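For reference, the structure is listed below as C-alpha cells.
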There are 2 protein chains.
Amino acid sequence: MERTGKPTINDVARIAGVSKKTVSRVINRSPLLNSDTRAKVEQVIADLGYVPNVQARALALRRNFLIGLIHDNPNAQMVMNVQAGMLEAMRDTEFELIVRPIDRGSSTMLEDVRNFLERQRLYGVMFLPPVSENEMVAELCRELGIRYVRMGSATLDSSEHMVASNDSEVVTEAVNHLIALGHRRIGLIAGPHGFRSARERRKGFENALEEAGIKLPRSLIADGNYTFETGLAAADRLLDLSPRPTAIFASNDEMAAATLHAARRRGMSVPEDLSIVGFDDTAIASHIWPPLTTVHWPIISMARSAALKLLAEFFGDDGSAVEEPSLFPSTLIHRASVAPPREG
Amino acid sequence: MERTGKPTINDVARIAGVSKKTVSRVINRSPLLNSDTRAKVEQVIADLGYVPNVQARALALRRNFLIGLIHDNPNAQMVMNVQAGMLEAMRDTEFELIVRPIDRGSSTMLEDVRNFLERQRLYGVMFLPPVSENEMVAELCRELGIRYVRMGSATLDSSEHMVASNDSEVVTEAVNHLIALGHRRIGLIAGPHGFRSARERRKGFENALEEAGIKLPRSLIADGNYTFETGLAAADRLLDLSPRPTAIFASNDEMAAATLHAARRRGMSVPEDLSIVGFDDTAIASHIWPPLTTVHWPIISMARSAALKLLAEFFGDDGSAVEEPSLFPSTLIHRASVAPPREG
DNA sequence: GAAGTATCTGACACCGGTTACCGAATTGCT
DNA sequence: AGCAATTCGGTAACCGGTGTCAGATACTTC
C-alpha cells in the first residue's frame with residue numbers, strides 16, 4: 001500500500017499499534033494516559049512528522065483554531081498596531097489571525113458579525129473601538145458562546161472581556177499642562193460622537209477647563225472624525241477664529257498632525273504661535289516636525305494582553321495565576337509641539 | 001425530534017425530499033440538475049436559512065475558503081493598504097483573510113511558510129515584498145499546489161502569479177526632474193539590499209545621473225532600512241557632508257519623512273535649503289509639511305488585483321475574459337518638497 | 001483469593017460535508 | 001415499440017479527527 005500525502009492519525013495509530021483514539025489523547029494532552037503509551041505514540045509521531053489536520057479537528061470540535069479581529073476603524077496605524085500586538089501573543093502557537101473589517105454604518109452590521117462568527121466558529125474574537133462599544137456584539141458573543149475581548153477607552157465589561165485605558169484622566173492632565181503654561185484660549189478637535197473614546201477625551205478636556213474656572217466659548221470646539229482630512233477642516237475652522245486659540249488639543253494624532261499641517265500652511269510656527277497636543281502616540285506623532293506632545297496610548301500592550309486573555313484557557317494550567325491586566329494607563333509624552341503662549 | 005442548532009445538509013435534504021447529494025449539487029452549482037429540483041431545494045434552503053458548514057467543506061474538499069497574506073514588511077502603512085485592497089476584492093464573498101507575518105531573518109522561514117500553508121490549506125496566498133522576491137516560496141506553492149500571487153517591484157513570475165510596478169523608470173523620471181531644476185549634488189537614501197524594490201529604485205536613480213553625465217561621489221549614497229529610524233541616521237549622515245547635497249531621493253516615504261525631520265531639526269528649510277523626493281505615497285507623504293513630492297505606488301489597486309487573480313477561478317465563468325492587469329505603473333506626484341537649489 | 005475500584009484503552013458512532021459508483025428515469029433514434 | 005444514450009438522484013464510503021461508553025488491566029482491600 002503506497003503511502004501518499006501526509007500521515008494521518010490512522011497511520012500513527014497503526015504503526016504505534018494503538019487505536020486512533022489513543023493517539024487523539026496524546027495530541028490533546030489527556031491526563032489519563034499511561035506514560036509508556038504516551039512515549040511510544042509520541043515517538044511515532046515524531047518519526048512520521050505527523051501533524052494533526054486542522055480542518056478535521058475544527059469539524060469534530062466545532063471550533064477553529066483562529067482568533068478573529070473585528071474592526072471598523074478609520075485609523076490604519078492603530079489597526080496595524082493592534083495586529084502586531086495580537087500576533088505577538090499568538091506567536092509560536094497554532095492559532096492564526098483572521099481579520100474582518102466591518103461597516104459600522106451598515107444596517108446589517110450585526111447580522112454580518114453574526115454570520116461571520118457562526119460560519120468561522122472562531123476560538124475567540126477581539127473587537128476594536130468603535131464596534132467594541134456596541135453592547136449588542138458582546139451580547140451576541142455570549143449567545144453564541146464565543147470567547148471575546150473588547151478594547152475601549154472605558155470599562156464596559158468584566159475584566160476577562162475588556163482591555164481599557166483611562167483616556168479621560170490623562171487628557172485632563174494634558175490640558176492642565178497647557179493651562180499651567182499660561183494658555184487660556186484652548187481649542188478642542190473632538191472625535192466622532194459615536195466613539196466612546198471621543199466622548200472620554202472630550203470629557204477630560206472639559207473637566208480640566210472647568211477645574212481651572214475657564215469658560216469655554218462653544219466655537220472653540222470643532223468636530224472631527226479621527227481622520228486627517230476632517231482634522232484639517234476642523235483646524236482651519238479654529239485657526240480662522242479671531243482671536244485665535246493659542247493651543248489646540250486634538251483627539252487623536254492624525255488630527256493633531258492635520259492641525260500642524262494647517263498651521264504651517266498658513267505660515268504659523270509651532271509651538272511659538274500655536275501649541276498642539278495629540279492622542280495615541282502613533283508613529284506619525286514622533287515623525288513629523290516638530291514632534292508632537294501627545295498621550296501615549298499603550299495599544300500594542302493592550303492588544304497583546306487581549307489576545308492572551310482569549311488564549312488563557314488554552315494555555316490552561318496556570319490560567320488564572322498570571323492574570324492579564326485590564327486597565328492600561330495612558331501617559332502624557334512631552335515633546336516639542338507645546339510651549340507657553342507667545343505674549344503673556 | 002427536537003431541532004437544535006443550525007440546520008445541516010441533512011435537514012435540507014429531508015425536508016426537500018431529496019438526497020443530501022442533490023443538495024450538495026445545488027450548493028456547488030452543478031450543471032447537471034433538473035431546474036425544478038434545484039428550485040425546490042433552493043426554496044428549502046432559503047426557508048431554513050441553511051448555510052453550509054465551512055469546516056465540513058474544508059475537510060471534504062481539502063481546501064479552506066481562506067486567503068492568506070504572508071509578509072515580512074517593516075512598513076505598517078503599506079501592509080495596511082495591502083489588506084485594504086485585498087479585503088475590498090473579497091468583500092461579499094465567502095472568503096476570509098488570514099494574516100501571517102514571518103521573520104525573514106529566521107533560518108526556519110521557509111519551513112514556517114510550508115507549515116503554515118500545509119496546515120491551513122488556503123485557497124490562495126499572497127506574498128508581499130521582500131518575501132515575494134524569494135523564488136523558493138513560489139516554488140513551494142507550486143509544489144503544494146496552492147494558488148499564489150507575488151507582489152513586487154519587477155516582474156518575477158508569470159502574469160497570473162504577479163503584480164508588479166515599474167519602480168526603476170519612475171525613479172529615473174523623478175531624479176531627472178530634480179536635475180532639470182538645476183540640482184547636481186543629489187543624495188540617495190537606499191533601501192535594504194535584500195529588497196528587489198530597493199535595488200530597482202537605486203538603479204533608476206543611478207540611471208538618471210548617468211544619462212545626465214553626473215558623476216556621483218560614493219558618499220552621497222546612504223543606506224537605510226525602509227524605517228524612519230534608519231532614514232533619520234542616513235539623512236543625518238548626508239546632511240553632515242560638506243558641501244551638502246541640495247536634494248535627496250529617499251527610497252520610501254518613511255525615510256523621506258525622516259529626511260525632512262532631520263533637515264528641520266537642524267534648522268534647514270524645505271524645499272528652500274533641500275529638496276526631498278520620496279516613494280510610495282503613503283499617508284504620511286501628504287500629511288507632513290511640506291507635503292512630499294513622491295512616487296505614487298498604486299499598492300491598493302495592486303493588492304485588489306492580486307486578490308482577484310487568486311479568486312478568478314472561483315468566480316469562474318468569464319474567468320479569463322476580464323483578465324486582471326499585472327503591471328501597475330507608478331507615477332510621480334508633484335507636491336511642495338521640491339524646488340530649484342538655492343543659488344544657481 | 002475474591003471482590004471492588006481506579007486507571008487505561010479501544011470500538012463505534014458522529015461532526016457535515018463531498019466523491020465514486022450505480023441504478024432509475026427520461027429522451028432520442030430507428 | 002424497443003434499445004441505447006443521456007441525465008438525474010441515491011447509497012455508501014470517505015475526509016481526519018473527537019466523544020461516549022463499555023471492556024480490560026492493574027491495584028487495593030478484606
Side-chain angles (χ1 to χ4, degrees), chain A residues 1 3-42 44-45 48-66 94 118-121 123 145 314, chain B residues 1 3-42 44-45 48-66 94 118-121 123 145 314:
Chain A
M1 198 191 297
R3 174 153 47 83
T4 79
K6 306 222 61 171
T8 73
I9 198 171
N10 291 306
D11 300 324
V12 176
R14 182 166 33 78
I15 295 174
V18 299
S19 75
K20 57 194 281 200
K21 179 62 203 177
T22 301
V23 178
S24 169
R25 289 201 176 92
V26 173
I27 299 170
N28 293 293
R29 327 193 208 111
S30 161
L32 23 77
L33 239 186
N34 183 311
S35 56
D36 288 350
T37 315
R38 178 189 304 278
K40 183 174 60 178
V41 173
E42 276 172 348
V44 175
I45 288 179
L48 256 48
Y50 165 70
V51 180
N53 180 304
V54 184
Q55 287 74 34
R57 295 188 83 186
L59 177 57
L61 289 169
R62 287 168 208 72
R63 171 137 296 166
N64 243 315
F65 285 69
L66 296 173
E94 56 198 299
E118 281 190 350
R119 280 172 56 88
Q120 297 305 132
R121 309 225 188 186
Y123 186 87
F314 179 80
Chain B
M1 197 191 297
R3 173 153 48 83
T4 79
K6 305 222 60 169
T8 73
I9 197 172
N10 291 306
D11 301 325
V12 175
R14 182 165 37 76
I15 295 174
V18 299
S19 76
K20 58 195 281 199
K21 173 60 203 176
T22 302
V23 179
S24 172
R25 286 202 177 95
V26 172
I27 298 170
N28 294 293
R29 327 192 207 114
S30 162
L32 22 78
L33 239 184
N34 183 310
S35 56
D36 289 350
T37 316
R38 176 187 304 278
K40 183 174 59 179
V41 172
E42 276 172 347
V44 175
I45 288 179
L48 256 48
Y50 165 70
V51 179
N53 179 303
V54 184
Q55 286 74 34
R57 295 189 82 187
L59 176 57
L61 289 170
R62 288 167 207 74
R63 171 135 297 165
N64 243 314
F65 286 69
L66 296 173
E94 57 199 297
E118 281 190 350
R119 280 172 55 89
Q120 298 304 133
R121 310 226 188 184
Y123 186 87
F314 178 80

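Bear in mind the structure is a predicted one, so any value in this text is a computation, not a measurement. All chains are named by letter (A, B, ...) in the order of the sequence lines, taking the proteins before the strands, and each is independently numbered beginning at 1.
- Dashed line: the shortest gap from a side-chain N or O of Ser24(B) to OP1 or OP2 of dT18(C) is under 4.0 Å.
- Taking all atoms of both residues into account, the shortest heavy-atom contact from Arg119(B) to Gln55(A) is O-NE2, 3.4 Å.
- Residue Ser19(B) has no polar side-chain atom (N or O) positioned under 4.0 Å from OP1 or OP2 of dG9(D).
- Comparing dC8(C), dG9(D), dG17(C) by their closest approach to the side chain of Arg57(B) singles out dG17(C).
- Neither OP1 nor OP2 of dC8(C) sits under 4.0 Å from any side-chain N or O of Thr37(A).
- One atom, CD of Gln55(B), and another, P of dC15(C), lie 14 Å apart when rounded to the nearest Å.
- Taking 4.0 angstrom as the limit, Asn53(A) places none of its side-chain polar atoms (N or O) nearer than this to OP1 or OP2 of dC15(D).
- Of all heavy-atom pairs spanning Thr8(B) and Asp11(B), the tightest one is N-OD2, 2.8 Å.
- The side chain of Lys21(A) approaches dG19(D) more closely than any other nucleotide in the set dG17(C), dG19(D), dC15(C).
- Backbone-only contact: Leu61(A) has heavy atoms under 4.0 Å from sugar-phosphate atoms and none from a base.
- Checking each of Ile15(B), Ile27(B), Val23(B) against Val41(B) for a side chain to side chain contact (heavy atoms under 4.5 Å, CB included) leaves exactly one that passes, namely Val23(B).
- Contact annotation for Val18(B): backbone-only contact, meaning every heavy-atom pair under 4.0 Å involves sugar-phosphate atoms and none involves a base.
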